[in-house]
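Chain naming here is simple, since letters A, B, ... match the order of the sequence lines and numbering starts at 1 in each.
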2 protein chains.
Amino acid sequence: MKPKGKATSFDIAHFAGVSQSTVSRALRNSPLVNEETRRRVWEVAKQLNYKVDKNASNLRTQQSSTLALLLFEDPTGDESQINPFFLNMLGSITRACAKQGYDLLVSFQSSSQDWRADYEDSHRADGIILLGYGDYMDYQSRLQQLLAQDTKFVCWGATVDGREDLTVSCDNYGGGKLAAEHLLQQNRSQYVFIGDASDHSPEFFARFKGFRDTLTAQGHSLSERQIANAISTEESGYHATRSLLANNIQFDALFAASDLIAIGALKALKEAGKDVPGDVAVVGFDNIAAASFISPALTTVQQNTTLAGQMLVNNLLNLIKGEAVTDTLLPPKLIVRRSA
Amino acid sequence: MKPKGKATSFDIAHFAGVSQSTVSRALRNSPLVNEETRRRVWEVAKQLNYKVDKNASNLRTQQSSTLALLLFEDPTGDESQINPFFLNMLGSITRACAKQGYDLLVSFQSSSQDWRADYEDSHRADGIILLGYGDYMDYQSRLQQLLAQDTKFVCWGATVDGREDLTVSCDNYGGGKLAAEHLLQQNRSQYVFIGDASDHSPEFFARFKGFRDTLTAQGHSLSERQIANAISTEESGYHATRSLLANNIQFDALFAASDLIAIGALKALKEAGKDVPGDVAVVGFDNIAAASFISPALTTVQQNTTLAGQMLVNNLLNLIKGEAVTDTLLPPKLIVRRSA
DNA sequence: CTGAAAGCGCTTACAG
DNA sequence: CTGAAAGCGCTTACAG
């Protein structure tokens, strides 16, 4: 018994001696079908290595059991360098999807070029997860459009006032606070921040604010000159730190908006002959794998990617089901290692 | 003009004043349709934000324009730690797919538990890419089954004799040779290899053979005692190196089958008070991001992931089209840094 | 160049 | 508990 090509439910029906409707019901374990019939159908299906045609069933049921992940890359461009933090997120999102019986379509967006948010329109996915740093201002309008089209989606990152989208994010403000408190405990006196302290990167901005507010509450100020701009790459962190040094800014405590930035800073400090943590204490953010490899091992604020991935897919699924969902804030955690 | 729910080709037809067949043709830019008609149809489609329903068109054409990626994880289990090398591959595969107009379904396989190779059976994907280390012996039989079912798939990794599947891999033997030659040039005299030198990990084995053959050709032997087993994790590399040290094996040159292993080795050597590269020269394999961050920066054999991703999807696509395809071997490249 | 019609393989009311 | 039938939204021979 071998039909040519892939077996269909009609083939199963034929060999099991029942109607095609019954095959469909049996395979979906409908309580309507007789136990014995069900067994026979499954038996035949297995022998023919039958699998339900997802295109047909999706078309019929008007849903896809698939989620799409749009990953925004840093605008750096280097093809093969993806921020390890997002790669981790990707791993946990995939797993969370699998656990819920959903498949995951993945797409990388190189900046604003090729906006691929039509997965839902074309019925390929029931909803979309947006992930990435990048300049929020840039794709703000795209989000508005998704909202207008009633596309189901959830964003990783910062909640932005006046935006109606659903977000899951780390408590970045609280994370900045954790970093400041740790540094304060060591009686450091001159602080610097490296990252983007503007609303182009709401996440970095929140980390900055938590850091600054905590410092000022303890009587430490943070002037313009003690803030160096950097995007989330090692290189950018390296250059920002060098310019701080070149400008003769004095500091014994450095908070980087991401681990990649911190790693670049470590390199610049080493080159300048500064001892870490002796001369300068350094704290990063993310807890990527490299943070524990580097020397000195990096003290950093960890984001729980496993939980983040789960919340992202669970919230999206609830949104799709029409249930009430609210923004989620995940607690950060300080990981103390050698650098501070 | 706003149909309730998502617009279908019938809605477009209605507003454009043509038949639904013409809409379908126009949207696919069939040369059969009049230029003016085509324009009008596109115009209406755009206004209604119409997107072809992929489930319907896939069902009709019997193909999905989707590829599936199965990522095998190392058997270590820690949820959030995925080998950065594969994550890079994932990035380049995604991009290669996008370039060809294909979507990518991603799935992680935690060891042999949940074998998810039915993407093609269920018409979700036209073909499958298999990626990962892991024990080849374990899923050998699965591959046979895929072959038997005539599933279209391509594997990353080593060609194994007697297997008929299509593979794309790095020239691991050549890479091992590169490592040996570099170490030989520095007149090192006592060599060790850390990794799995058995056919459970064909890739590691090939690296090992290239390394050993080159050494023996120059009169250096590599005895059993100079080979330490390790899977591809930092921890495993750390412990393997410690046991070498504990067993009083003398060596001034170490070749690790992967960067993760090498990073673990570096840690163990540092703890033992050995200077790298002074006392021991270390060479890794992969060139993951951490290799350049770590101190001393790691000399390693790079695999071209961008090219690898492209070859993987191109070969698979050709296989699907029924064209002749052969196994592909990618050239490795030695990246010299501080550690050797 | 265009339209009417068949059919891809399912799921699910509807009738028994 | 089971079957006959409609229909999801397309693509593409077939006829004009």
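The neighbour count for B:Lys46 NZ, taken as heavy atoms of other residues, nucleotides or ligands under 6.0 Å away, does not exceed 12.
Under the 4.0 Å criterion applied to side-chain N and carboxylate O atoms, B:Arg39 and B:Glu35 are not assigned as salt-bridge partners.
For A:Asn34, the listed nucleotide lying nearest its side chain is D:dC1; candidates were C:dC10, D:dT11, D:dC1.
Note on B:Arg28: a side-chain N or O is less than 4.0 Å away from OP1 or OP2 of D:dT11. Checking the phosphate oxygens (OP1, OP2) of D:dT12, no side-chain nitrogen or oxygen of B:Thr61 falls inside 4.0 Å. Neither OP1 nor OP2 of C:dT11 sits under 4.0 Å from any side-chain N or O of A:Gln20. Taking 4.0 angstrom as the limit, B:Ser24 places a side-chain polar atom (N or O) nearer than this to OP1 or OP2 of D:dT11. Remark: B:Ser19 is not in phosphate contact with C:dT2, judged by side-chain N or O atoms under 4.0 Å from OP1 or OP2. At C:dG9, none of the side-chain N or O atoms of A:Ser9 fall inside 4.0 Å of OP1 or OP2 (strictly under the cut-off). The side chain of B:Thr8 contributes no N or O atom lying less than 4.0 Å from OP1 or OP2 of D:dC8.
Nucleotides C:dA6 and C:dT2, compared at atom P, are 23 Å apart to the nearest Å.
Atom NE2 in A:His14 sits about 14 Å away from atom P in D:dG3, given to the nearest Å. One interatomic measurement links the two molecules: CG of B:Leu32 to C1' of D:dA15, which rounds to 14 Å at whole-angstrom precision. In this structure, A:Arg25 places its CZ atom 10 Å from P of C:dA13, rounding to the nearest Å. The separation between B:Leu59 atom CG and D:dT11 atom P is 11 Å, rounded to whole Å. Going from atom CD of B:Gln62 over to atom C1' of D:dC10 covers 12 Å, rounded to whole Å.
Of the N and O atoms on the side chains of A:Asn55 and B:Gln62, not one donor lies less than 3.5 Å from an acceptor on the other residue.
Annotation: the span from B:Leu319 atom CG to B:Leu166 atom CG amounts to 6.0 Å, rounded to 0.5 Å.
Taking a pair to require two hydrogen-bonding distances under 3.5 Å in either a Watson-Crick or a G-U wobble arrangement, D:dT2 pairs with C:dA15.
Evaluation of atom-type donor-acceptor distances gives no pair under 3.5 Å for the side chain of B:Arg60 against the base of C:dG9. If you check distances only, the side chain of B:Ser21 does reach the base of C:dA4 with a donor-acceptor pair under 3.5 Å.
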